[in-house]
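Down below is the structure, laid out as structure tokens.
As a basis for the values below, the full set of heavy atoms in this structure was taken, side chains included, without hydrogen atoms, waters or symmetry mates.
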Amino acid sequence: MQETFEKSDILEAHSEIIREIFMQTNKQHHEWLLTSLLTGIIFIIVTLMVIANTQATQNFDHSIAQIMQHNRTPAKTQFFLFITSLGNPLQNIGFTLVLVGWLVYVKYYRLLSFAAFSILVGTLGNTAIKLLVQRPRPLHKLISIGGYSFPSGHSTSTIILLGVIMIIFASLVKSKWQRGLVNLFAISMILLIGMSRIYLNVHYPSDVLGGFLFGTTIVLLSGFLILPTKTEV
């Protein structure tokens, strides 16, 4: 009888720890909501400017592309070809399956719902916006690629996948230096993949900016909607 009580206490304590892992503070939730609203509004503005092909958009694209594409070398091209390959659909599917498989294995179903929802909405949303805007890709691309240009699919999928990983890691790990290390790596990869798309001239800089804004909005809004706060039962 006593052994049964002890097992019950252990299970209850374990459940409490798991529940605490997923709980976010009200302040964190409010920050996610406000930031997602801000990035969402900016994304809409950028999208409208791209559709209208404003002079400001053209100037922005030209100036950033000129900086990124100046003095290309074979070594730099090979480096950015490797970086951009990390954001290809096949690799993204592989990384996603590993993440989903691990979340299922450890039974973190709330985090699984957050990850799956973010990635699904981001993928479908990016495709829908591309079809709506129908912006042609830049000329003189260094690699052969089809489809529309805005927003960048690589930028969107990368920031969603790595953004989800950053939030999951922050929920499970208390060490600040470990969270900081993961965040630094993730942000570096996001920026490098965005830069690679401009360097290879398969996207305009505004495409990459749009992908970053859209992906950030999806991840933070998904976190706000799906991950519970400490005040929720």
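Judged purely by atom type and a 3.5 angstrom limit, K130 uses its side chain to pair as donor or acceptor with the backbone of P151. Of the possible donor and acceptor atoms, one in the side chain of K76 sits under 3.5 Å from a partner among the backbone N and O of N71. A distance-only check finds a donor-acceptor pair linking the side chain of H203 to the backbone of S149 [under 3.5 Å]. Of the possible polar contacts, none joining the S155 side chain to the G211 backbone as a donor-acceptor pair under 3.5 Å is found. Without hydrogens or angle criteria, Q134 side chain to L131 main chain gives a donor-acceptor distance under 3.5 Å. With hydrogens and angles ignored, the 3.5 Å screen pairs no side-chain donor or acceptor of T54 with any backbone N or O of V50. Using a distance-only test at 3.5 Å, with no hydrogens or angles considered, no donor-acceptor pair links the side chain of R110 to the main chain of L227.
Between the side chains of T39 and T216, no donor-acceptor pair is found at a separation under 3.5 Å. A donor-acceptor contact closer than 3.5 angstrom is absent between the side chains of N92 and H154.
The hydrophobic cluster containing I187 also contains V164, counting ILVMFWY residues as joined when their side-chain heavy atoms lie under 4.5 angstrom apart, directly or transitively. Under the 4.5 Å side-chain heavy-atom criterion for grouping Ile, Leu, Val, Met, Phe, Trp and Tyr, M195 is not connected to Y204 through any hydrophobic cluster. Cluster membership for I64 and M49, using ILVMFWY side-chain heavy atoms within less than 4.5 angstrom, is not shared. F185 and I193 fall within a single hydrophobic cluster, where Ile, Leu, Val, Met, Phe, Trp and Tyr are joined by side-chain heavy atoms under 4.5 Å apart, directly or via other members. Taken together through direct or relayed side-chain contacts under 4.5 Å among Ile, Leu, Val, Met, Phe, Trp and Tyr, L162 and L184 form parts of separate hydrophobic clusters.
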message: Using side chain to side chain contact (heavy atoms under 4.5 Å, CB included), reason through V202 and L142 one step at a time and then give a plain yes or no.
response: CA-CA 7 Å; V202 293; L142 294 191; over 6 Å; no
message: Does R135 form a salt bridge (Lys or Arg N to Asp or Glu O under 4.0 Å) with D207? I'd like the steps, not just the answer.
response: CA-CA 9 Å; R135 187 187 202 185; D207 298 336; 2.7 Å; yes
message: Pair R72, N201 - check side chain to side chain contact (heavy atoms under 4.5 Å, CB included), show working.
response: CA-CA 12 Å; R72 283 186 178 131; N201 205 38; 3.8 Å; yes
- request: For side chain to side chain contact (heavy atoms under 4.5 Å, CB included), just list the numbers for T156 and F212, CA-CA rounded to whole Å, side-chain angles, deciding distance to a tenth of an Å, and then say yes or no.
  value: CA-CA 6 Å; T156 301; F212 286 163; over 6 Å; no
task: Just do the side chain to side chain contact (heavy atoms under 4.5 Å, CB included) check on L33 and L220 with the steps written out, would you?
output: CA-CA 7 Å; L33 178 60; L220 295 181; over 6 Å; no
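Taking 4.5 Å as the limit, every side-chain heavy atom of T47 sits out of range of all side-chain heavy atoms of L213. Inter-residue side-chain proximity for V219 and I159 is flagged as unmet; no heavy-atom pair is nearer than 4.5 Å. Taking the side chain as every heavy atom from C-beta outward, I119 and V100 never approach each other to under 4.5 Å. By the 4.5 Å heavy-atom criterion applied to side chains, F95 and L161 are counted as neighbours.
Of all the heavy atoms in Q58 and N53, the pair that sits closest is NE2-O, 3.1 Å. Closest heavy-atom contact between Q69 and I198: NE2-O, 2.8 Å. In plain terms, the two heavy atoms of G122 and I218 that are nearest each other are N-CG2, 4.1 Å. Of all non-hydrogen atoms in P205 and A65, the two that sit nearest each other are CG-N, 3.8 Å. Contact record, V208 with R197: CG2-CB, 4.1 Å, taken as the closest heavy-atom pair. For S206 against V46, the heavy-atom pair with the smallest separation is O-CG1, 4.3 Å.
The aromatic rings of F214 and F43 sit tilted, their planes meeting at an angle between 30° and 60°.
Within the structure, ring pair (Phe, Tyr, Trp, His ring centres under 6.0 Å) pairs that include any residue of residues 51-82 comprise F80-Y199 (at least two apart or interchain).
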